[in-house]
Amino acid sequence: MAPSGDYNAKSTETQDVLLKLLTSDAPSFVPLSVFDDLRAAIKGRVYFKHDEGYEDLRKPTWNFQIQTYPGAIVVPKDAKDVSETIKWAGKHSIDLTIAGGRHTIHSTKDHRVTLDLTLLSAVVVDPSNSIAHVQGGARLGELDRACSVYGVAVPSGTNADTGVGGYTVGGGYGYLSRQKGMTVDNLLEVEAVLASGEIVIANRTQNSDLFWAIQGAGANFAVITRFTFRTFKIHSCVGGLQIYPPTHARALLEVLQHTMSPGPRPLSTSVLLTFAPPPGVAPEEARKPAAVLMPVYVGLGEEGDAGEQERKQARAVLEEQMEAVPEAVMTQVGDMDYWNGLQNLAEVAQAAGRWYEKALWIETLSSAVMDILVSQFTKAPLKGCTIALHPIGGAIGDLAPTSTAFPWRLKTGFWVLILSRVADDAEFAIARTWATETDALLRPYRAAAYVNEIGGAVGSQDGAKASVVGEVYYGENFGRLVQVKRKYDEGNFFRNNHNIVV
Ligand SMILES: Cc1cc2nc3c(=O)[nH]c(=O)nc-3n(C[C@H](O)[C@H](O)[C@H](O)COP(=O)(O)OP(=O)(O)OC[C@H]3O[C@@H](n4cnc5c(N)ncnc54)[C@H](O)[C@@H]3O)c2cc1C
């Protein structure tokens with residue numbers, strides 16, 4: 001279709017819109033009038049390139065490396081708006097991306113139409129029933145803030161800016177996961193908008209096949225407009241950083257393996273091989289390689305309840321971890337507010353910027369794995385490079401792999417993140433080489449490829465073939481997921497994700 005006006009004109013009222021349609025990858029001009037039906041049907045707004053507000057909705061919130069320019073951004077006000085947008089996109093063969101927290105490359109794409117869930121951000125905590133209702137576009141920080149009022153928490157991740165939507169539908173790991181499992185293990189119900197536009201409720205008894213699929217592969221099946229989670233009472237919390245010279249990296253990894261495999265469930269102590277202090281805290285020249293122990297303890301329950309003994313034992317192991325390696329150059333560990341302290345603790349190592357990342361789950365920090373980690377950190381080419389190890393196992397491994405679409409039920413293990421915050425394209429290329437090499441060396445030890453892995457094991461920034469992605473990420477559940485996909489989204493309307501190709 002030919003443009004009927006100047007595409008670069010300021011007023012969107014006089015121009016057509018450059019879009020990529022499902023039938024073709026080449027962008028073509030689509031008459032602006034295509035949006036008339038949609039605008040009439042929804043209470044929310046449609047933003048085009050020159051509209052005020054477009055730039056804020058388009059911009060990545062965390063990884064500035066991802067710069068995309070959707071043809072239009074639709075901001076719905078409720079589930080009905082989501083439904084109308086999906087029906088409209090289906091009718092006009094428009095490739096719709098779904099934006100929650102906008103942390104991944106799947107949420108916005110050049111010349112596509114983005115459905116941005118920003119306004120669906122309400123969180124309602126019901127303390128008498130120990131549940132929280134969360135709209136599909138809320139951020140983890142908003143969930144934590146609402147829960148803090150009642151002294152409770154949903155097991156959730158460590159970056160406030162992450163979308164509850166994308167995070168949950170991939171599984172969801174956080175400091176409470178070793179005690180209470182993945183976030184999807186604590187999901188009780190969803191309100192979901194299907195590829196047909198139908199709004200449905202799914203839980204263990206209603207649309208249970210859909211509910212199962214949403215618990216780990218959800219982006220493939222629907223837009224979730226409301227999650228209902230179980231909440232837990234926070235009893236006590238300890239966290240902080242203990243910093244060592246890099247020569248102590250191996251000793252800290254040994255402590256981690258020894259005390260966290262399996263280790264007390266209230267502990268989520270991590271190790272970071274990084275440069276300290278973090279950027280912005282000290283001049284660049286003062287930032288030096290460091291091995292950092294990040295002791296983390298969260299006690300759940302009420303004073304004097306049956307969990308007292310477990311909490312006490314866990315705190316004793318935490319002390320052991322902190323005393324195991326002498327010669328720390330700095331220790332800042334103590335009682336913490338769970339919501340405003342612990343949940344923000346990792347922020348120093350993951351501030352918004354330009355990032356390149358790789359990640360994988362491994363079962364054991366064997367001697368060979370530790371050798372690779374230490375040697376690769378020694379070769380870290382930039383001060384923005386970090387290798388982080390977060391413990392998994394515990395309650396994550398209590399369920400069978402087939403109990404949810406998320407299949408990786410490891411009894412012990414570590415989430416290894418190879419992260420680089422870079423300044424420019426030249427540094428990006430350097431970081432990519434280092435991360436790719438580190439990932440390749442660790443690959444023989446990979447026990448799981450987690451959907452929420454930043455950067456991902458395949459695909460993502462490196463653009464792997466869609467056909468292999470599903471099998472890598474969903475393991476033994478892939479076959480059943482294909483069946484559920486056929487039932488709910490045979491035309492693969494929800495394709496901008498770690499896609500299950502039918
Ligand atoms: C700094 C940082 C820290 C992180 N920490 C953790 C962590 O501690 N634990 C952890 O498990 N993960 C963590 N992650 C990974 C994160 O959970 C995933 O990247 C997740 O996909 C981000 O979701 P989003 O909504 O922010 O991103 P988006 O890019 O908006 O969405 C990601 C995917 O989910 C889909 N989606 C989004 N919302 C919905 C919805 N409501 N319904 C259906 N589909 C939806 C999108 O279509 C897209 O395919 C972290 C990521 C970053 C960048």
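Remember, it's 1-based here, ligands and their atoms both numbered in the order they're listed. Residue numbers start at 1 and run along the sequence shown. Below, each value reflects all heavy atoms present in this structure, side chains not excepted, and no hydrogens, waters or symmetry copies.
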**Q** Under 4.0 Å from ligand 1, counting heavy atoms only, is it the side chain of N159, its backbone, both or neither?
**A**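 Within the 4.0 Å criterion, N159 contacts ligand 1 through side-chain atoms alone.
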
**Q** Tell me yes or no: between the side chains of N63 and H103, is some donor less than 3.5 Å from an acceptor?
**A**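 Side-chain D/A pair, N63 to H103: absent.
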
**Q** Do any N/O atoms on V169 end up under 3.5 angstrom from N/O atoms on ligand 1?
**A**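 Between V169 and ligand 1, no N or O pair is found under 3.5 Å apart.
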
**Q** Considering only heavy atoms, which of P155, A359, G166 lies nearest to atom 38 (N) of ligand 1?
**A**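 Nearest option to atom 38 (N) of ligand 1, by heavy atoms: G166.
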
**Q** Which ligand 1 atoms, with their elements, are less than 4.0 angstrom from a heavy-atom of W62?
**A**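 So the atoms of ligand 1 that pass are 1 (C), 53 (C).
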
**Q** Have T97 and T114 got a donor and an acceptor in their side chains that come within less than 3.5 Å?
**A**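 Note: T97 and T114 side chains meet the donor-acceptor criterion.
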
**Q** Could you tell me, atom by atom, which parts of ligand 1 come under 4.0 Å of a heavy atom of Y450?
**A**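 Ligand 1 atoms under the 4.0 Å threshold to Y450: 10 (C), 11 (O).
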
**Q** Looking only at N/O atoms, are G157 and ligand 1 under 3.5 Å apart anywhere?
**A**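 Between G157 and ligand 1, no N or O pair is found under 3.5 Å apart.
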
**Q** Are any of the N/O atoms on V164, whether in the backbone or the side chain, positioned under 3.5 angstrom from an N/O atom of ligand 1?
**A**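 So ligand 1 has no N or O lying under 3.5 Å from an N or O of V164.
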
**Q** Would you kindly say whether N496 and D95 are connected by a side-chain donor-acceptor distance under 3.5 Å?
**A**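 Their side chains do contain a donor-acceptor pair, which is all the 3.5 Å distance test asks for.
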
**Q** Of all the heavy atoms in A346, does at least one lie under 4.0 Å from an atom in ligand 1?
**A**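 So A346 does not count as touching ligand 1.
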
**Q** For ligand 1, which is the ligand I care about here, please tell me if T162 has any N or O atom under 3.5 Å from one of the ligand's N or O atoms.
**A**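 Checking ligand 1 against T162, no N or O pair falls under 3.5 Å apart.
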
**Q** Using a 3.5 Å cut-off on N or O atoms only, is D161 in polar contact with ligand 1?
**A**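 No, there is no polar N/O contact under 3.5 Å.
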
**Q** As an exercise, identify every atom of ligand 1 less than 4.0 angstrom from a heavy atom of L117.
**A**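 Heavy-atom distances to L117 below 4.0 Å select 40 (C), 41 (N).
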
**Q** Can you list the atoms of ligand 1 that are under 4.0 Å from a heavy atom of H106?
**A**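 Matching atoms, with element in brackets: 48 (C), 49 (O).
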
**Q** Could you list which atoms of ligand 1 come closer than 4.0 Å to a heavy atom of N497?
**A**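 By the 4.0 Å cutoff, the relevant atoms are 49 (O).
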
**Q** Under 4.0 angstrom from ligand 1, any heavy atom of G172?
**A**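 True for this residue.
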
**Q** Might you point out which heavy atoms bring V482 and V501 nearest each other, and give the distance in Å?
**A**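 Taking every non-hydrogen atom into account, CG2-O, 4.5 Å.
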
**Q** For the side chain of K411 and the backbone of G397, is there at least one donor-acceptor N/O pair under 3.5 Å apart?
**A**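 Yes: the side chain of K411 pairs with the backbone of G397.
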
**Q** Is T104 in polar range of ligand 1, meaning some N or O pair under 3.5 Å apart?
**A**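 T104 vs ligand 1: N/O contact under 3.5 Å present.
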
**Q** Identify, by atom number and element, the atoms of ligand 1 in contact range of V223, meaning under 4.0 Å from any of its heavy atoms.
**A**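 Selected atoms, number and element: 42 (N), 43 (C).
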
**Q** Please state whether the rings of H390 and Y173 are parallel, tilted or perpendicular, taking 30° and 60° as the class boundaries.
**A**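 The rings of H390 and Y173 sit tilted, inter-plane angle from 30° to 60°.
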
**Q** Looking at ligand 1, does G174 have a heavy atom less than 4.0 Å from it?
**A**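 No; G174 lies far enough from ligand 1 that no heavy-atom distance drops under 4.0 Å.
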
**Q** For G136, take its heavy atoms, then give the atoms of ligand 1 lying under 4.0 Å from any of them.
**A**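 This gives 41 (N) as the contact atoms.
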
**Q** Does the side chain to side chain donor-acceptor pair (under 3.5 Å) test come out yes or no for T274 and T386, once each step is laid out?
**A** CA-CA 4 Å; T274 188; T386 294; 2.8 Å; yes

**Q** Is there a heavy atom in F494 that sits closer than 4.0 Å to ligand 1?
**A**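 Distance cut 4.0 Å: F494 fails for ligand 1.
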
**Q** Is a donor from one side chain sitting under 3.5 angstrom from an acceptor on the other, for T108 and T68?
**A**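 Per modelled atom types, T108 and T68 side chains form a pair under 3.5 Å.
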
**Q** Among side-chain atoms of N497 and N499, is any donor-acceptor pair under 3.5 angstrom?
**A**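 A pair is found: one side chain offers a donor N or O, the other an acceptor, under 3.5 Å apart.
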
**Q** Testing the 3.5 Å rule here: is there a donor-acceptor pair between the side chains of S121 and Q135?
**A**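 Looking only at side-chain atoms, Q135 and S121 do not form any donor-acceptor pair under 3.5 Å.
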
**Q** Please step through side chain to side chain donor-acceptor pair (under 3.5 Å) for the pair S156 and Y167, ending with a clear verdict.
**A** CA-CA 8 Å; S156 71; Y167 163 85; 5.2 Å; no

**Q** Would you mind running through ligand 1 and noting each atom that sits below 4.0 Å from a heavy atom of G163?
**A**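 The atoms of ligand 1 under 4.0 Å from a heavy atom of G163 are 23 (O), 24 (P), 25 (O), 26 (O).
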
**Q** Out of Y175, W355, F227, W415, who gets a non-hydrogen atom closest to atom 12 (N) of ligand 1?
**A**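 It is W415 whose heavy atom sits nearest to atom 12 (N) of ligand 1.
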
**Q** Between T228 and R226, do the side chains contain a donor N or O and an acceptor N or O under 3.5 Å apart?
**A**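 A pair is found: one side chain offers a donor N or O, the other an acceptor, under 3.5 Å apart.
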
**Q** With no hydrogens and no angle check, just 3.5 Å: does a side-chain donor-acceptor pair link R421 and Q350?
**A**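 Result is no, nothing qualifies.
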
